[in-house]
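Every chain is numbered from 1 and lettered A, B, ... according to where its sequence line falls, protein lines coming before strand lines. Any value given below was found using the heavy atoms of this structure, including those in side chains, with hydrogens, waters and symmetry copies removed. Worth saying up front: this structure is predicted, and the values here are computed from it rather than measured.
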There are 2 protein chains.
Amino acid sequence: MGPTRANSPQPLRRDAQRNRDALLTAAADAFARKGLQAPLEHVAKEAGVAIGTLYRHFPTRLDLVQTVFEKKFEAWLAAAEEAVVAEDPWEGFCRYLEAMCELQADDQGMNDLASMRLPLSDCIQDRLTRIRELARQAMRRAQDQGTLRPDLTPEDLVFVVWSHSRITAATSNVAPRTWRRHLHLMLDAFRAERAHPLPTPALTEDELRRAMTELGSSTPCAE
Amino acid sequence: MGPTRANSPQPLRRDAQRNRDALLTAAADAFARKGLQAPLEHVAKEAGVAIGTLYRHFPTRLDLVQTVFEKKFEAWLAAAEEAVVAEDPWEGFCRYLEAMCELQADDQGMNDLASMRLPLSDCIQDRLTRIRELARQAMRRAQDQGTLRPDLTPEDLVFVVWSHSRITAATSNVAPRTWRRHLHLMLDAFRAERAHPLPTPALTEDELRRAMTELGSSTPCAE
DNA sequence: TACCAAGTGGAGGGTTCCCTCATCTTGTTG
DNA sequence: CAACAAGATGAGGGAACCCTCCACTTGGTA
């Protein structure tokens with residue numbers, strides 16, 4: 001927990017800063033465990049603070065979510081940046097997916113964020129855009145190399161995110177490494193060698209956006 | 001809607017039968033759209049009946065769920081039976097998965113049922129056991145044939161169920177055929193010819209049961 | 001056609017979570 | 001060490017669902 005608020009017009013009072021930090025810790029924990037719809041009253045109680053205090057610091061659930069997950073998005077971006085500079089494009093692509101899944105593997109909240117479309121802050125939104133751009137590059141490199149099947153589009157990567165999300169929700173408390181097995185099956189599916197034709201076109205960018213909105217709408221923090 | 005109740009010690013009164021049928025229709029619709037946790041009060045309203053009437057016919061949510069989905073389980077079983085008698089084992093296996101996904105594709109409730117473990121009636125439970133047994137056979141045949149990768153276990157098939165469940169939830173209203181693309185990617189992953197070693201062992205039968213319980217517990221109809 | 005068991009309606013009490021606001025507490029600054 | 005603004009509190013009203021219970025129909029039958 002940094003000792004100051006992100007954008008501080010006025011520095012916080014000492015007790016306020018302490019509470020804010022406690023809230024973020026508690027929220028990170030609750031979101032990781034229960035997903036983004038974790039009850040805020042539990043978060044407050046866990047932080048040893050009244051519910052009103054939580055709302056004073058984070059007027060909406062989304063404010064809290066964004067602050068909690070900023071660092072994770074940074075890590076995600078870093079993974080994408082590594083992917084495009086890896087010597088071997090296929091290796092880079094694989095390691096990117098692995099890193100991305102790892103970030104989501106023990107965090108149901110991150111999982112939700114990656115698979116649903118929410119009205120996120122510009123800051124995070126920008127990072128997401130960059131991540132997507134880099135992923136596109138990483139894929140293209142691996143396709144040019146001839147290792148990644150050419151009929152795979154960047155939009156197909158949500159399949160990994162979505163699948164991963166269900167699979168970790170089911171297995172993280174029972175056999176926490178299982179998601180790797182699934183990911184490596186998917187990687188076999190992504191190899192160019194002996195790829196068989198696919199029966200349905202990929203999602204368009206717009207369809208993808210709408211699909212993620214679909215998932216987001218019926219659940220945690222509507223706009 | 002059959003004109004009689006499944007096990008009728010006494011035949012239902014005519015108005016009661018009518019209400020029961022209306023409830024089943026409304027419930028099928030609601031479960032398909034919203035999943036197994038659809039509000040029962042909506043179901044009752046949709047059926048044009050008071051909430052008390054719903055509870056008289058179906059004392060627990062599970063009673064309703066089971067009655068609604070009996071037919072679908074039958075169809076699922078039929079698909080599994082076809083798989084093991086197909087001339088070409090690989091074809092049989094593929095068609096089985098396709099049929100299974102199809103059954104779940106426009107029914108969020110069926111999706112929930114396939115991916116979570118719930119305390120179901122013996123009748124449905126038996127069907128599930130048979131389905132699992134047949135799927136196991138179908139896989140073995142395709143593996144003996146050399147088409148299906150030998151390191152795949154029956155427990156790995158939940159990956160298909162789980163992935164499919166998320167993917168249809170996201171895409172069914174946006175691009176309803178998309179799940180096929182994903183399924184055929186998975187089928188490529190399942191081919192022996194492209195198999196690369198997997199980094200993690202398959203779930204054991206017991207882990208699988210616990211994983212499905214995990215998914216089931218935090219949601220619709222606890223025992 | 002009158003009776004009554006079977007069936008129905010829906011108010012109401014319980015739970016969980018949302019978010020607000022009037023009142024009290026406390027750090028900070030002069 | 002005041003005094004005051006910044007901050008904290010938590011009761012409370014609201015919404016969405018759950019499920020129960022009992023007074024009121026109503027279909028079938030003698």
*asked:* In this structure, how many angstroms lie between the C1' atom of C:dG7 and the CZ atom of B:Phe58, rounded?
replied: 14 Å
*Can you tell me which stems involve DNA chain D, if a stem is defined as three or more consecutive Watson-Crick or G-U wobble pairs, both distances under 3.5 Å?*
C:1-30 with D:1-30
*Can you tell me if A:Thr60 and A:Asp63 form a side-chain donor-acceptor pair at under 3.5 Å?*
yes
_Does D:dA8 have its OP1 or OP2 closer than 4.0 Å to a side-chain nitrogen or oxygen of A:His57?_
yes
_Below 4.0 Å: OP1/OP2 of C:dG9 and any side-chain N or O of B:Thr53_ = yes
*Within the structure, does a side-chain N or O atom of B:Arg56 lie under 4.0 Å from either OP1 or OP2 of C:dT8?*
no
_More than 12 heavy atoms of other groups within 6.0 Å of B:Lys34 NZ_ = no
*Parallel, tilted or perpendicular: ring planes of B:Trp179 versus B:His164, cut at 30 and 60 degrees*: perpendicular
*Is there a donor-acceptor pair under 3.5 Å between the side chain of B:Arg61 and the backbone N or O of B:Gln37?*
yes
*Would you check if the side chain of A:Arg166 reaches a backbone N or O of B:Ser163 as a donor-acceptor pair within less than 3.5 Å?*
no
*May I ask you to verify if any side-chain N or O of A:Asn19 is less than 4.0 angstrom from the OP1 or OP2 atom of D:dA8?*
yes
*Reading 5' to 3' through nucleotides 15-20 of chain C, protein heavy-atom contacts under 4.0 Å coded B for base, S for sugar-phosphate only, - for none*: --BBBB
_Between P on C:dT8 and NZ on B:Lys45, what's the gap in Å once rounded to a whole number?_
19 Å
_Measure CG/B:Leu54 against P/C:dG10 and give the value in whole Å, please._
14 Å
_Any donor-acceptor pair under 3.5 Å from B:Trp76 side chain to B:Ile131 backbone_ = no
*Reading nucleotides 22-27 of chain C 5' to 3', which nucleotides get B (base under 4.0 Å from a protein heavy atom), which S (sugar-phosphate only), which -?*
----BS
*Has B:Glu207 got more than 12 heavy atoms of other residues, nucleotides or ligands less than 6.0 Å from its CD?*
yes
